Amino acid sequence: METIIYKLPDPKQAEYLEHAADILRRGGLVAFPTETVYGLGASYAHPSAIRRIFEVKGRPNDNPLILHIARKDVLSGIAHNITEQVWKLTERFWPGPLTLVLPACEHVPPEVTAGLPTVAVRMPNHPVALELLQRVEDPVAAPSANLSGRPSPTTGSDVVEDLSGSVDMILDAGSAGVGVESTVLDMTGIKPRVLRPGGVTVEMLEGFFGSGEIEASWQVEADRPMAPGMKYRHYAPEAPMKVYLGTPETVRMRIQEAIAQDHALGRRVAVLGFDDAGTVYSDAIFLSLGNRNAPEEAAQRVFGYLRECDRLGVDRVYGELPAAQGIGMAVLNRLWKAAGGEVIEC
Ligand code: TXA
Ligand code: MG
């Protein structure tokens, strides 16, 4: 099929957004920017369109989707048990990169929830996303707009690379801001639990709930594995990837050793590392995650670089892991998943 691609901003932006909303209202698929990563949307009112999302992405059927809304009050039509605390959370963090998991109303289609009794909802903080959602009116189910298993798309061209020819429209508004996906917070248990660290940091949530009042770890796998016991590589580059956790010195030493071995075998290597490591990996392609103490930069760059490794056609990828602080926790989580759920501690 032919995919319509609109580049934004454009003087005709309102017209383009109305066209996109019309496609969604009629049961088509539109990829759109959010402040985290690009999403691939289908209207909540069209379960068959939602099923098409799974086909197009090659996504396992048991992995539920997030509903995107433009107005906070829409939440009460989707979820039950919305406590005062949940409303306060939405006041504090919406629109923004926080997804809330709540008990689902009966009429939420199983295509969205993968048959779970809960539903995930968020209000994105991006003018294009918000205007599109306002025009559609019904909530829009949207996973990240990548092929399943590939790094999430942080630019319109990433989406074109993965989905052109298989969706109805792509709204290309350049770079998404945060660069990693929203924080998924499960509000259905006794204690709020972070199922996926993301744009709203654990420190921010502790500021809201009180320290120690939420459960969170970087080592969480929100997406359920396709088969029991099977770990799937998520966000992964094509080349085998290893990631290292330790002091900057020990990490560098281990990566340098690995590079030396690769060179002896004639392999091409890429390293994702922090600026303070810059020149030490002189035998490899160095992809800078920025300043170690400003993990926001790493968040913005990490998915793009994982894609870049494929474009460069390297044989091995090594990654320095950031500390599990601030948005660094989300970066750590994504690199750990990209490396197949293994970390080399040194
Ligand atoms: O930033 C984001 O959240 C982006 C943009 C497009 O909004 N979306 C996104 O969607 O990352 P996706 O489908 O790639 O990730 C959704 C995550 C998955 O890990 C899924 O398992 C989890 O949310 N999820 C969805 N519904 C859930 C539920 N009812 N209970 C637990 N986890 C849920
Ligand atoms: Mg995803």
Side-chain angles (χ1 to χ4, degrees), residues 29-42 44 50 53-54 56-70 78-80 93-105 108-126 128-130 132-133 139-154 158-159 162-163 170-171 173 176-189 192-200 220-226 232-236 299 303 306 327 330 333-334 337-338:
L29 302 190
V30 175
F32 60 96
T34 83
E35 83 282 30
T36 56
V37 301
Y38 276 71
L40 175 62
Y44 167 93
I50 301 174
I53 288 184
F54 285 85
V56 162
K57 278 181 60 88
R59 181 178 174 106
N61 286 326
D62 62 359
N63 196 3
L65 304 180
I66 297 171
L67 286 181
H68 293 66
I69 60 176
I78 306 169
H80 283 308
F93 296 108
W94 282 2
L98 180 67
T99 294
L100 297 175
V101 174
L102 297 163
C105 293
V108 176
E111 282 79 3
V112 171
T113 61
L116 293 173
T118 56
V119 63
V121 190
R122 90 174 188 103
M123 185 194 289
N125 188 15
H126 191 289
V128 170
L130 286 172
L132 178 65
L133 294 168
V140 169
S144 48
N146 53 297
L147 293 174
S148 205
R150 291 215 74 203
S152 295
T154 53
D158 292 345
V159 182
D162 280 14
L163 300 180
I170 297 171
L171 295 172
V178 178
V180 291
E181 304 91 333
S182 62
T183 303
V184 178
L185 185 67
D186 183 358
M187 291 300 293
T188 65
R193 193 157 68 102
V194 173
L195 300 180
R196 177 177 72 183
V200 167
V220 282
E221 176 69 88
D223 310 316
R224 293 186 289 169
M226 286 182 268
Y232 61 104
R233 282 178 90 209
H234 211 274
Y235 310 121
F303 284 136
L306 291 173
I327 203 163
N333 171 270
R334 304 309 188 271
K337 284 180 164 188

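All of these numbers come straight from a predicted model, not from anything done at the bench. Remember, it's 1-based here, ligands and their atoms both numbered in the order they're listed.
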Exercise for review: Number the atoms of ligand 1 from 1 as they appear, then name those within less than 4.0 Å of a heavy atom of Ser144, with their elements.
Suggested key: 8 (N), 9 (C), 10 (O), 12 (P), 14 (O)

Exercise for review: Check whether any N, O or S atom of Ser144 sits under 2.8 Å from the Mg ion (ligand 2).
Suggested key: yes

Check your understanding: Between Glu35 and ligand 1, which part of the residue brings a heavy atom under 4.0 Å of the ligand: side chain, backbone, both or neither?
Key -> neither

Exercise for review: List every atom of ligand 1 that sits less than 4.0 Å from any heavy atom of Ser182, numbering the atoms from 1 in the order shown and giving each element.
Suggested key: 1 (O), 2 (C), 3 (O)

Review point. For the atom pair CG (Asp158) and OH (Tyr38), what is the distance rounded to the nearest 0.5 Å?
Key: 8.5 Å

Review point. By number and element, which atoms of ligand 1 are closer than 4.0 Å to a non-hydrogen atom of Arg122?
Key: 1 (O), 2 (C), 3 (O), 5 (C), 7 (O)

Study note, to complete from the structure: To atom 32 (N) of ligand 1, the nearest of Leu100, Leu195, Thr36, Leu98 on a heavy-atom basis is Leu195

Study note, to complete from the structure: For Pro143, the atoms of ligand 1 under 4.0 Å from one of its heavy atoms are 10 (O), 12 (P), 13 (O)

**Study point:** ligand 1 atoms in contact with Gly39 (distance to a heavy atom under 4.0 Å)
**Key:** 6 (C)

Review point. Quick one: does Asn146's side chain have a donor or acceptor within less than 3.5 Å of a partner on Pro153's backbone?
Key: no

Revision key, fill the gap. For Ile327 and Ala299 the tightest heavy-atom approach is CD1-CB, 4.0 Å

Review point. Is the shortest N/O to N/O distance between His68 and ligand 1 below 3.5 Å?
Key: yes

**Study point:** Heavy-atom donor-acceptor pair, Arg59 side chain to Pro64 backbone, under 3.5 Å
**Key:** yes

Check your understanding: Any N or O on Arg196 sitting closer than 3.5 Å to an N or O of ligand 1?
Key -> yes

Exercise for review: Going by heavy-atom distance to atom 28 (C) of ligand 1, choose the closest among Thr118, Val180, Val184.
Suggested key: Thr118

Practice item. Step by step, work out the side-chain hydrogen bond (donor to acceptor under 3.5 Å, both in side chains) result for Ser152 and Glu181. Key: CA-CA 8 Å; Ser152 295; Glu181 304 91 333; 2.6 Å; yes

Please list every donor-acceptor pair under 3.5 Å in which a side-chain atom of residues 94-105 meets a protein atom from a residue at least two apart or in another chain.
from: Trp94; atom 1: NE1; to: Leu98; atom 2: O; distance (Å): 2.8
from: Thr99; atom 1: OG1; to: Ser182; atom 2: OG; distance (Å): 2.8

Exercise for review: Go through the structure and list residues passing ring pair (Phe, Tyr, Trp, His ring centres under 6.0 Å) with Phe303, not counting sequence neighbours.
Suggested key: Tyr235

Review point. Just by modelled atom types, is the Ser144 backbone N or O under 3.5 Å from a matching donor or acceptor in the Lys57 side chain?
Key: yes

Practice item. Below 4.0 angstrom from a heavy atom of Asn63, which ligand 1 atoms are there? Numbered from 1 as shown, please. Key: 18 (C), 20 (C), 21 (O)

Review point. Going from NE2 on His68 to CZ on Arg122, what distance comes out if it is rounded to the nearest 0.5 angstrom?
Key: 4.5 Å

Check your understanding: Within less than 4.0 angstrom of ligand 1, does Thr113 place any heavy atom?
Key -> no

